[in-house]
Amino acid sequence: MEPVYVGWLSIIPPILAITLALITKEVIISLVLGILSGTLIYTAAMGGNLVMDTMQHAFTMMTNQVDIGLILVMGMLGAIVEVITLSGGQHAVADWAKKRFNSKTSSQLATVLVGSCLFLSDVFHNLSTGAIMKTINDSNRISRAKFSYILDATAAPICCLVPMGIWVAGICAVFPENSTFSSSMEIFFANMPYNVYCIISIIMVIYFCFPNRDFGPMRQAEQLAEQTGDLGSLDEEIKQSGKGTVADMAVPMAALVLGSMLFMLYTGGMWSGEGKSIVQAFSDCSTSVSLQCGCMVALAVAFVMYVPRKVVAFKDFMSGIYKGIQSMVSGMTIIILAWTIGGVCRKMLLTGDFVADMVSSSGMPVGILPAIIFIVAAALSFATGTSWGTFGILMPIVFNVCEIAAPALLLPAIASVLGGSVWGDHCSPISDTTVLASTCAGCDHIQHVVTQAPYCVLGGACAVAGYLAAGFTNGNLMATWGVSLATLVVVLFTLKHFYKNETTANNA
């Protein structure tokens with residue numbers, strides 16, 4: 001299909017998809033209608049049949065855009081998450097940890113550490129970390145509100161940064177073809193240092209693990225837990241299997257990580273005789289093939305460990321694979337539709353070219369682009385409760401705009417889409433990750449949303465400040481982080497000084 005330049009009509013598909021997503025909170029139907037509006041405009045411009053050709057172009061674009069390899073990866077990762085959960089290994093890890101963490105700070109830091117290691121998916125992260133660390137945090141009088149915040153703040157942010165698991169497959173899937181980078185994995189590695197919000201979120205959660213540093217409603221919840229023992233618990237316990245061991249959780253995950261990394265190096269030409277470095281091999285690797293092979297290794301290891309020992313019955317293991325794949329259908333659907341609307345905008349209607357022309361001729365400082373993109377992505381993700389749908393809608397447009405109007409800002413802009421999307425996923429009351437964090441922590445959902453909101457706002461403000469610095473310094477990484485960290489330090493110092501004075505006044 002030959003592209004056609006239709007001017008302002010080219011922005012109707014993404015605007016329609018975004019508007020409908022905000023109104024209906026249903027990303028899938030919004031994307032479908034956005035796709036059909038685009039193919040209708042294309043058909044009308046080409047003089048085709050408005051009914052038949054509109055439908056035909058939509059499905060042709062969908063067929064052309066789908067990456068079956070990455071769809072397979074998502075399904076296989078879902079299967080791995082399910083079978084590892086069936087083993088009950090997370091409960092054995094919990095028993096091990098109870099004997100070693102006996103203070104508020106150590107148990108909170110341990111929660112961060114455990115959550116950082118469980119990066120296969122945000123769902124797996126919350127379920128497993130919640131099961132492992134709930135009793136330990138309760139025994140050290142950590143409020144359920146604080147526990148759920150730690151779960152939430154180390155879920156999507158970590159999954160978005162680690163080049164392994166379901167998220168990296170989904171993120172790489174929405175990167176469009178471009179002339180700047182040789183592979184989607186190279187884009188992922190290149191934008192990681194600019195993913196300010198995700199990194200700031202992790203820095204903040206570590207900072208707040210130490211005594212007397214909380215503020216706002218979270219401070220009140222922590223004081224109540226410390227002084228009265230009221231943790232704000234809903235007494236919702238995760239089902240225990242009682243069969244798994246620490247190895248049942250650790251070994252399959254290690255097999256997945258090490259196997260995937262080995263295949264990434266292999267497919268990237270590490271041993272091809274070309275003298276490639278490790279970094280270059282990772283950048284040139286075939287992400288989907290490597291993760292597929294790593295997933296097969298992990299599933300095989302899990303099967304050998306679980307079935308002969310009857311930790312998981314053969315029938316349950318196979319059923320777990322099916323259920324795991326089934327759990328990923330919604331995410332797969334969103335990714336496929338995001339690919340399609342991206343193809344419609346990029347390859348049929350030249351939306352990016354039009355937006356780039358508008359930005360270039362408007363006189364608007366291109367330096368504010370990364371900050372604006374972060375805010376738009378954050379607002380859309382917050383309103384819809386999905387980060388995947390958000391970066392699926394915005395990423396193709398951002399690539400085109402930056403490649404034409406601001407090439408130097410491409411990496412900060414990509415990171416701002418991802419970071420803004422994660423911000424909404426982190427704090428939206430209708431996000432599945434937010435709901436799951438409160439559920440797994442046994443915390444009232446509204447209390448979780450209210451107590452972590454000031455922390456999310458602070459992290460988002462630091463990210464916006466950093467992206468403004470990036471925009472006006474042509475993507476200078478030092479300037480980006482200098483401004484972000486300075487903003488964070490000033491606010492945290494001010495808060496600490498305020499509460500110190502408040503405590504002194506109350507004691508007097």
Side-chain angles (χ1 to χ4, degrees), residues 10-23 25-28 30-35 37-38 65 156 160 167 170-178 184 187-188 191 194-198 331 334-347 349-356 358-359 364 366 368-406 409-426 428 431 460 463-464 467 470-471:
S10 65
I11 64 174
I12 289 179
I15 288 179
L16 180 63
I18 292 171
T19 303
L20 289 175
L22 292 172
I23 295 173
K25 308 297 188 293
E26 294 291 338
V27 175
I28 291 177
S30 302
L31 285 169
V32 168
L33 293 177
I35 291 166
S37 70
Q65 293 294 111
C160 192
W167 275 63
I171 291 170
C172 288
V174 298
F175 290 149
E177 296 177 3
N178 66 94
S184 58
I187 303 173
F188 184 87
N191 95 90
Y194 288 96
N195 201 333
V196 177
Y197 177 74
C198 292
I334 290 174
I335 288 297
I336 290 171
L337 294 176
W339 282 333
T340 307
I341 196 169
V344 169
C345 293
R346 188 178 178 91
K347 297 182 177 180
L349 302 180
L350 302 176
T351 303
D353 293 44
F354 171 73
V355 175
M358 292 294 293
V359 171
M364 179 186 75
V366 294
I368 66 174
L369 271 178
I372 289 178
I373 290 168
F374 179 90
I375 293 170
V376 171
L380 180 58
S381 183
F382 181 87
T384 61
T386 172
S387 52
W388 285 40
T390 301
F391 54 65
I393 292 172
L394 296 180
M395 196 66 76
I397 299 173
V398 168
F399 261 83
N400 261 21
V401 170
C402 289
E403 285 177 343
I404 296 173
L409 299 181
L410 178 59
L411 288 176
I414 294 170
S416 66
V417 173
L418 297 177
S421 300
V422 169
W423 185 92
D425 189 274
H426 181 187
S428 172
S431 164
V464 169
Y467 286 131

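Computation of the quantities below employed the complete heavy-atom set of this structure, encompassing side-chain atoms and omitting hydrogens, waters and symmetry-equivalent molecules.
- Not one N or O on the side chain of Thr19 forms a donor-acceptor pair closer than 3.5 Å with the backbone of Leu16.
- Residues Pro13 and Ile35 are not in side-chain contact: their nearest non-hydrogen atoms beyond the backbone lie 4.5 Å or more apart.
- Atom CD1 of Ile12 sits about 9.5 Å away from atom CG of Leu349, to the nearest 0.5 Å.
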- prompt: Between Cys160 and Asn195, is a side chain to side chain contact (heavy atoms under 4.5 Å, CB included) present by the stated rule, with each step listed?
  reply: CA-CA 9 Å; Cys160 192; Asn195 201 333; 3.6 Å; yes
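- The two atoms that bring Ile373 and Ala413 nearest to each other are CD1-CB, 3.8 Å, heavy atoms only.
- Interatomic distance, Ser421 OG to Phe374 CZ, rounded to the nearest 0.5 Å: 9.0 Å.
- For Phe188 against Cys172, the heavy-atom pair with the smallest separation is CB-SG, 4.2 Å.
- A side-chain donor-acceptor contact under 3.5 Å links Ser381 to the backbone of Asp425.
- The backbone N or O of Tyr194 sits less than 3.5 Å from a side-chain atom of Tyr467, completing a donor-acceptor pair.
- Residue pairs satisfying the salt bridge (Lys or Arg N to Asp or Glu O under 4.0 Å) criterion with at least one member in residues 11-21, sequence neighbours excluded, are absent.
- Contact detail for Val196 and Ala463: the closest heavy-atom pair is CG1-CA, 3.8 Å.
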message: Working note: Met395 + Leu418, criterion side chain to side chain contact (heavy atoms under 4.5 Å, CB included); need CA distance, chi angles, decisive distance, verdict.
response: CA-CA 9 Å; Met395 196 66 76; Leu418 297 177; 3.7 Å; yes
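- Counting all heavy atoms, side chain and backbone alike, Ile187 lies closest to Ile414 at CG2-CD1, 3.8 Å.
- For residues 386-397, no pair satisfies salt bridge (Lys or Arg N to Asp or Glu O under 4.0 Å), with sequence neighbours left out.
- Contact annotation: the side chain of Val422 approaches that of Trp167 to within less than 4.5 Å [non-hydrogen atoms, C-beta and beyond].
- Considering all non-hydrogen atoms of both residues, Val366 and Leu409 come closest at O-CD1, 3.3 Å.
- Atom CD1 in Ile28 sits 10.0 Å away from atom CD1 in Ile336 (nearest 0.5 Å).
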